[in-house]
Amino acid sequence: MESTSSPSQSITPLQQIGIIGGGQLAWMMDKGARHLGLDLRIQTPHPTDPAVAIARGVVYGAIDDATATTALARQCQVITFENEFINLPALTQLEQQGTIFRPSLAALAPLLDKYDQRRYLQAHHLPTPAFVALPPNPSESDLLQLGLPAVLKARRHGYDGQGTLILRDRPGVAAALNRLHSSSGDWLLEAFVPFERELAVMVARAVDGTVVTYPVVETQQVDQICRRVLVVGDLPEAVVAQVEAIAQQLMTHLAMVGIMGIEFFLTADQQVLVNETAPRTHNSGHYTLNACQTSQFEQQLRAVSGRPLGSTALTAPGAVMVNLLGTAIPAAAYADRLRSLSRIPDSRVYWYTKEPRPGRKLGHITALCPQDTASDRRVYAQELIQSIEAIWYAQT
Ligand code: ADP
C-alpha cells in the first residue's frame, strides 16, 4: 500500500550512515547497505556485538553514551537507531548543533516510554487498551484498579517480555508488588486484552512523506516473547484496512522518517488495538529479508538516507519466521540443530553469533510457503513451524 502526504522534494541521498546499536538488527542491514552502496558506522559497547563484523567503522560506547554519539556524528551524514534505549536529552544538544537524526528526536520523543506512547496514541484517537500510570511504590489497590487479569509493564527498557508481568490472581499481584518495590523504574498498568490473535506490521516513511506498509502478519508469543511470525494472508480485509490506516496515521502524525514496527491485538469482534510501537526494524519484519522485494533493513536505510522507498511486495505467496532462542542444551549442540534446520526446503537460517543464554534471541529461520491459497498456506505454515520447533526446541 502506498500514499504520498506531501509533494516530493528534491533530495540529496546521503552515504555515511551512523547506527546507534550494534545488535542483530544492525547486522542484518549489511545486505541492504551493500545494495545501496552505503557506509555503515555503528555505536555499540562490545567488540563481540554482531554488527561489528559488517560495519565500516565502530565507535565503542554504551547506547546512551552521547559522547560516543558525538564521535559517530563526526563520521556520518545521518544517524539512525536499531533500538530505542537512547538518551534523548543528551542527543538534543547534538541535534541542535546540526546532527541529523532520522527519525528526528521529536518523532521519537512520544514513543520511548510506554506510558507516553499510549498517551500519544490516545491523543490521536488510535485504539489502545485502557491504561494508567502507577505512582512510585504502588499499593495493592493501585494494581487492582483495572480488575484482574491486568498487565504491568516497565515504562522503559522492557524488551522480549522482560518488563511485562501478567497479573492473573491475588498471589500474582503480591509477587508483582514485591518486584515493583525492589525495582527503580516507573511502571504502567493496563487492561488485559483477551485477544484472538496478535498482529504486526512494518511501515516506512520517506523524507518526502511517502508511506509504505508491508503485509500484515500474525505473531505468536510464548512466555511473552515472540516465537513465530506467520505471513499467510488469511486476515479479513477489514482487519488489514484497520492496521494499515493506523500505521499510516501514526507515521504521518509523528512525521517520522524511517521504519517502524507496530504490534496489535485483534479482538474477537475483529477490532484492532495497538499494543506497542518500535521506531526501528523489528523482529516481526525479519521475513522481509527473504520474502519481500525490499527488506525492512534496506527500507530503513532508503528512508533515512533520503532515497525513494522500495516495493514492499511479497516475492513468495507466504512465509514463516521462527525465532531461535537459547535453550538449556550445551551451546556445542547448536551446530547440529542448525545443520538440520538448513535442510528445511526454501529456508534460510540467520545466526547472530551472540553469546548463548537460555531465552536469548540467538538467531531465526525463515521458510517460504509456496501454496496458492491462504488456507493451504496456513496448514503448511503450521507444519513448518512444528518441524522447525521439533528440531530447535527438542529437550535432548
Ligand atoms: P515487550 O515490549 O517486552 O515485547 P509487550 O508489551 O509487547 O512486551 O508484551 C509482550 C507480550 O505480552 C505481548 O506480545 C502479549 O502476548 C502479552 N501482552 C502484553 N500486553 C498485553 C495486554 N494488555 N493484554 C494481553 N496480553 C498482553
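Only heavy atoms go into these numbers, but all of them, side chains included; no hydrogens, no water, no symmetry mates. Counting starts at 1 for both ligands and their atoms, in listed order. Since this is a predicted model, take the numbers as computed values, not measurements.
- Distances from ligand 1 to the non-hydrogen atoms of A191 include at least one value under 4.0 Å.
- Considering backbone and side-chain N/O of Q224, none are found under 3.5 Å from N/O of ligand 1.
- Short contacts between ligand 1 and E198, defined as distances under 4.0 Å to a heavy atom of the residue, involve ligand atoms 13 (C), 14 (O), 15 (C), 16 (O).
- With hydrogens and angles left out, the side-chain atoms of E298 and H35 include a donor and acceptor closer than 3.5 Å.
- F265 CZ, 3.6 Å is the protein heavy atom nearest to atom 27 (C) of ligand 1.
- Between the side chains of H46 and T48, no donor-acceptor pair of N or O atoms lies under 3.5 Å.
- The parts of V193 lying near ligand 1 are both backbone and side chain, judged by heavy-atom distances below 4.0 Å.
- When atom types are taken as modelled, the side chain of T267 and the backbone of Q271 share a donor-acceptor pair closer than 3.5 angstrom.
- Taking the six-membered ring for Trp and thresholds of 30 and 60 degrees, H286 and H364 have ring planes inclined between 30 and 60 degrees apart.
- In this model, a donor atom of one side chain and an acceptor atom of the other lie less than 3.5 Å apart for Q300 and T80.
- When only modelled atom types and interatomic distance are considered, Y350 and Q24 share no side-chain donor-acceptor pair under 3.5 Å.
- Using a 4.0 Å cut-off between heavy atoms, N275 contacts ligand 1 through its side chain alone, with no backbone atom that close.
- Close contacts between ligand 1 and K153 involve ligand atoms 6 (O), 19 (C), 20 (N) [criterion: under 4.0 Å to a heavy atom].
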